[in-house]
Amino acid sequence: MTESKTSETNLGWVVVTGASRGIGKSICEELLLSGYGVLGISRQSEAFNNTVAELQKIGKFEPFFLDLRDNEASEKFWIELDKSKKISG
């Protein structure tokens, strides 16, 4: 995958779960290369640390270490995301 910054045009923000590896990481890469900002969620902090550095070289990537099975943490994430106005709808 190319490690060059995309244009500074941000088409909007997208939330991707499972962002540390596999399909989730690949989806993050493609979205970043297409000009989207990505809010990446992962439970695996060790694996995610290396991935974060890689993805931030490609574009606007914000990592979130979160287990969405934790209802309280998940609710807090969505409330804070709503306040940030990065995602609407």
Side-chain angles (χ1 to χ4, degrees):
M1 191 55 53
T2 304
E3 289 192 12
S4 62
K5 286 273 192 183
T6 58
S7 68
E8 291 303 311
T9 303
N10 188 341
L11 299 175
W13 290 90
V14 179
V15 176
V16 177
T17 62
S20 65
R21 59 190 172 91
I23 294 170
K25 181 182 175 186
S26 294
I27 290 170
C28 289
E29 291 170 339
E30 292 302 318
L31 288 167
L32 291 166
L33 288 169
S34 296
Y36 289 93
V38 176
L39 306 172
I41 298 174
S42 178
R43 292 179 290 159
Q44 301 175 355
S45 59
E46 288 182 33
F48 202 27
N49 287 330
N50 292 332
T51 300
V52 169
E54 291 174 31
L55 295 175
Q56 287 177 335
K57 289 178 184 176
I58 299 171
K60 294 179 182 180
F61 181 81
E62 293 186 21
F64 292 89
F65 298 95
L66 176 66
D67 185 344
L68 291 172
R69 297 174 297 179
D70 179 338
N71 290 334
E72 187 176 320
S74 181
E75 184 176 345
K76 183 178 177 182
F77 168 78
W78 293 111
I79 289 169
E80 292 302 316
L81 183 58
D82 184 52
K83 288 180 186 176
S84 76
K85 305 295 182 201
K86 287 185 179 171
I87 305 281
S88 62

For side-chain contact (heavy atoms from CB on, under 4.5 Å), just list the numbers for L68 and L66, CA-CA rounded to whole Å, side-chain angles, deciding distance to a tenth of an Å, and then say yes or no. CA-CA 6 Å; L68 291 172; L66 176 66; 3.5 Å; yes

Does any non-hydrogen side-chain atom of [Y] lie less than 4.5 Å from one of [X]?
{"X": "V16", "Y": "I41", "value": "no"}
{"X": "I58", "Y": "E29", "value": "yes"}
{"X": "V15", "Y": "L81", "value": "yes"}
{"X": "N49", "Y": "F65", "value": "yes"}

Sequence neighbours excluded - salt bridge (Lys or Arg N to Asp or Glu O under 4.0 Å) pairs with any residue from residues 13-25: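 Every pair satisfying salt bridge (Lys or Arg N to Asp or Glu O under 4.0 Å) with a residue in residues 13-25: K25-E54.
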
To the nearest 0.5 angstrom, please state how far the [atom1] atom of [X] sits from the [atom2] atom of [Y].
{"X": "T17", "Y": "D67", "atom1": "OG1", "atom2": "CG", "value": "11.5 Å"}
{"X": "T51", "Y": "Q56", "atom1": "OG1", "atom2": "CD", "value": "11.0 Å"}
{"X": "L55", "Y": "L33", "atom1": "CG", "atom2": "CG", "value": "9.5 Å"}

For the pair [X] (side chain) and [Y] (backbone), establish whether a donor and an acceptor sit closer than 3.5 Å, ignoring hydrogens and angles.
{"X": "S20", "Y": "F48", "answer": "no"}
{"X": "S74", "Y": "N71", "answer": "no"}
{"X": "S34", "Y": "Y36", "answer": "no"}

I79: side chain to side chain contact (heavy atoms under 4.5 Å, CB included) partners, not counting sequence neighbours: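 So I79 forms a side chain to side chain contact (heavy atoms under 4.5 Å, CB included) with E75, K83.
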
Dump the intermediate steps for side-chain contact (heavy atoms from CB on, under 4.5 Å) on F61 and L32, then the final yes or no. CA-CA 8 Å; F61 181 81; L32 291 166; 4.3 Å; yes

What closest approach, in Å, do G40 and A19 show between heavy atoms, and which atom pair accounts for it?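 The answer is CA-CB, 3.8 Å.
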
